[in-house]
Participant: 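Pasting in a structure now, in C-alpha cells, and then I'll have a few things to ask.
FYI, the numbering just counts along the sequence from 1. Whatever order the structure lists them in is the order used to number ligands and atoms, beginning at 1.
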Amino acid sequence: MPSAETPFRCGNVAIVGRPNVGKSTLINCLVEQKISITSRKPQTTRHSITGIKTTSKYQIVIVDTPGQHSDEPRAINRYMNRAARSRMFDVDIIVLVLDRLKWNPEDQLVAERAVASGKPVIVAVNKLDRLQCPDLLLPHIEELSREIKAEYVPISALQGTNVDGLEKLIVEHLPVAEALFPEDQITDRNMRFVVSEIIREKIIRQLGEELPYATTVEIESYSEQELLIHIDALIYVEREGQKRILIGEKGARLKQIGIEARRDIEKQVEKKVMLKLWVKVRSGWSDDERALQGLGYID
Ligand code: GDP
Ligand code: MG
C-alpha cells in the first residue's frame with residue numbers, strides 16, 4: 001500500500017545501446033516477473049511502449065528505443081537514429097546497456113547522447129556471466145566513469161543476476177507520480193511484447209542471426225478466453241526468398257518455430273495457446289519510411 005512515507009513512483013525509462021548488447025533480454029527480464037494475465041483489452045496508448053512493470057509501490061514504463069547505428073545508409077537506420085535520439089529526451093531515466101567491457105565508437109556515441117540529454121543515466125554492464133577477467137571490471141568501470149557520468153551496475157540479463165539491483169536503482173530515480181497505466185491494460189501489452197519476442201527468438205534459433213532487420217513480428221490478434229488464448233502473429237520479411245527459407249520444406253520450419261514458440265508462451269501464460277503464424281513479404285520495407293509507418297514504427 002502506498003503511504004505518505006513511500007509515495008508511488010512512476011516514469012518512463014529508455015533502454016538504449018547498440019545491437020546485441022542484451023536490451024531485449026533485459027526488458028524481458030524486467031517485465032516478465034510478476035506479470036499476471038488479467039485482461040485481454042488492447043492497449044490504447046502509444047505503440048512505443050515495450051514493457052511495463054508495476055508493483056504496489058511503483059510503475060516502470062519501458063519505452064522502445066530501436067538499436068542505434070552510427071553510420072547506416074538505409075531508411076530504417078536513419079529513422080532508428082532519429083527515433084532513438086528523440087526518445088532519449090522524452091524519458092525520466094536512461095539505461096545504457098553495454099556488452100561486458102566492450103567499448104567501441106557506437107557505444108561511445110550512444111553514451112554521449114545519453115549523457116547530453118541531461119537525464120539520469122544508469123550504465124548496465126551486461127553479460128556478467130561471460131566475463132573472462134572479472135578483475136578488470138572495477139578498473140574498467142572506474143575509467144569509464146571519468147568520461148561517462150553515470151551510475152554503473154554489472155548485471156546478467158540472461159541469468160537475471162543483479163537485475164533486481166538495477167531495478168532498485170531505476171526506481172530511486174523515478175519521479176513521484178501516479179501510475180500512468182491501469183493494471184488491466186498493462187498485462188496484455190506486455191504479453192504481446194513477450195509473445196513477439198519469443199517468436200523472434202525462435203526464428204533466430206532456426207535461421208541463425210542472418211536476418212538482422214529482415215524480420216518483424218506483429219501480433220495481429222490476441223484473444224484470451226478462460227482456458228485458451230488465440231494468438232495470430234504476422235512475420236514480415238523483406239524478400240520472397242526469405243519467406244521460403246522461413247517456411248521451409250513443406251512448412252516444416254515455420255511449424256517448428258510455431259511449436260517451440262507456443263510451448264514457451266504457454267509457460268508464460270499458464271494456459272493453452274493456439275498460435276497461428278503467417279509470413280508476409282513487405283517488399284523493400286527497410287527502405288521505405290511509409291512502410292515503416294504502416295508497421296507502426298513511426299509515431
Ligand atoms: P539487443 O539487440 O540489445 O536487444 O540484444 P538481445 O537481447 O537480443 O541479446 C543479444 C544476444 O545476447 C542474445 O543472444 C542474448 O541471449 C545474449 N545475451 C543477452 N544478455 C546476456 C547475458 O547477460 N549473458 C549472456 N551470456 N548472453 C546474453
Ligand atoms: Mg533487441
Side-chain angles (χ1 to χ4, degrees), residues 13-33 48-51 53 62-70 72 74 76-77 79-81 83-85 87-88 91 94-111 113-114 121-134 136-137 140-141 152-167 169-170 190 192-217 235 257 260-261 264 267-268 286 297:
V13 179
I15 298 197
V16 303
R18 65 176 163 80
N20 277 316
V21 291
K23 297 180 296 298
S24 298
T25 310
L26 175 60
I27 292 168
N28 274 334
C29 191
L30 279 169
V31 303
E32 256 178 36
Q33 310 155 356
S48 58
I49 288 156
T50 59
K53 170 72 176 277
I62 300 168
V63 298
D64 187 22
T65 315
Q68 299 166 68
H69 307 263
S70 45
E72 289 276 5
R74 298 201 304 179
I76 187 166
N77 294 315
Y79 162 67
M80 281 172 145
N81 272 328
R85 246 183 324 225
R87 289 275 152 69
M88 273 196 196
V91 297
I94 298 168
V95 175
L96 167 67
V97 185
L98 299 178
D99 181 347
R100 291 162 284 180
L101 312 184
K102 290 181 193 168
W103 181 255
N104 67 28
E106 263 188 299
D107 296 307
Q108 175 99 27
L109 190 78
V110 184
R113 280 181 194 160
V121 178
I122 300 170
V123 176
V125 182
N126 191 28
K127 309 197 186 181
L128 201 57
D129 56 296
R130 282 270 185 81
L131 202 58
Q132 261 141 15
C133 306
L136 296 180
L137 181 65
H140 176 79
I141 287 178
Y152 290 77
V153 203
I155 61 163
S156 167
L158 195 65
Q159 302 192 339
T161 314
N162 205 26
V163 173
D164 54 347
L166 171 64
E167 189 170 329
L169 209 52
I170 292 172
N190 271 337
R192 282 172 177 250
F193 171 66
V194 171
V195 166
S196 66
E197 284 288 309
I198 288 172
I199 296 169
R200 250 168 34 84
E201 183 206 313
K202 301 307 172 196
I203 294 169
I204 290 169
R205 273 174 60 149
Q206 283 288 321
L207 298 180
E209 310 246 359
E210 65 200 55
L211 304 173
Y213 297 118
T215 335
T216 318
V217 178
I235 304 168
I257 290 167
E260 288 179 15
D264 277 20
K267 268 189 236 149
Q268 289 284 329
S286 288
Y297 271 82

Participant: Test your reading of the structure: does Ile155 have an N or O sitting under 3.5 Å from an N or O of ligand 1?
Facilitator: no

Participant: Nearest 0.5 Å, what's the NZ-CD distance between Lys53 and Glu167?
Facilitator: 3.5 Å

Participant: Going from CG on Leu30 to CG on Asp164, what distance comes out if it is rounded to the nearest 0.5 angstrom?
Facilitator: 10.0 Å

Participant: Pull out every atom of ligand 1 sitting under 4.0 Å from any heavy atom of Asn20, numbered as shown with elements.
Facilitator: 1 (P), 2 (O), 3 (O), 5 (O), 10 (C), 12 (O)

Participant: With a 4.0 Å heavy-atom cut-off (strictly under), which part of Asp129 contacts ligand 1: side chain, backbone, both or neither?
Facilitator: side chain

Participant: Who are the salt bridge (charged side-chain N to carboxylate O under 4.0 Å, His left out) partners of Asp99, not counting sequence neighbours?
Facilitator: Lys102, Lys127

Participant: Report, in ascending order of atom number, the atoms of ligand 1 lying under 4.0 Å from any heavy atom of Lys23.
Facilitator: 1 (P), 2 (O), 3 (O), 4 (O), 5 (O), 7 (O)

Participant: Can you tell me how far CZ of Arg100 sits from CG of Asp129, rounded to the nearest 0.5 angstrom?
Facilitator: 8.0 Å

Participant: For the pair Asn162 (side chain) and Pro154 (backbone), establish whether a donor and an acceptor sit closer than 3.5 Å, ignoring hydrogens and angles.
Facilitator: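 Present.
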
Participant: Indicate, as side chain, backbone, both or neither, the part of Lys127 found under 4.0 angstrom from ligand 1 when only non-hydrogen atoms are considered.
Facilitator: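 For Lys127, backbone and side-chain atoms both sit under 4.0 Å from ligand 1.
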
Participant: With sequence neighbours left out, write down each residue that passes side-chain hydrogen bond (donor to acceptor under 3.5 Å, both in side chains) with Asp107, or none if nothing qualifies.
Facilitator: Arg18

Participant: Between Gln159 and ligand 1, is there a nitrogen or oxygen pair with a distance under 3.5 Å?
Facilitator: no

Participant: Which of the numbered atoms in ligand 1 are under 4.0 angstrom from any heavy atom belonging to Pro19?
Facilitator: 2 (O)

Participant: Does ligand 1 have any atom that is closer than 4.0 Å to a heavy atom of Gly17?
Facilitator: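 No, that is not the case, since the closest heavy atom of the residue is not under 4.0 Å from the ligand.
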
Participant: Given Leu128, Asn126, Ile204, which has its nearest heavy atom closest to atom 20 (N) of ligand 1?
Facilitator: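 Answer by nearest heavy atom: Asn126.
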
Participant: Could you walk me through whether Ile155 and Leu128 satisfy the side-chain contact (heavy atoms from CB on, under 4.5 Å) test, starting with their C-alpha distance in whole Å, then the side-chain angles of each, then the deciding distance to 0.1 Å, before giving a yes or no?
Facilitator: CA-CA 6 Å; Ile155 61 163; Leu128 201 57; 5.9 Å; no

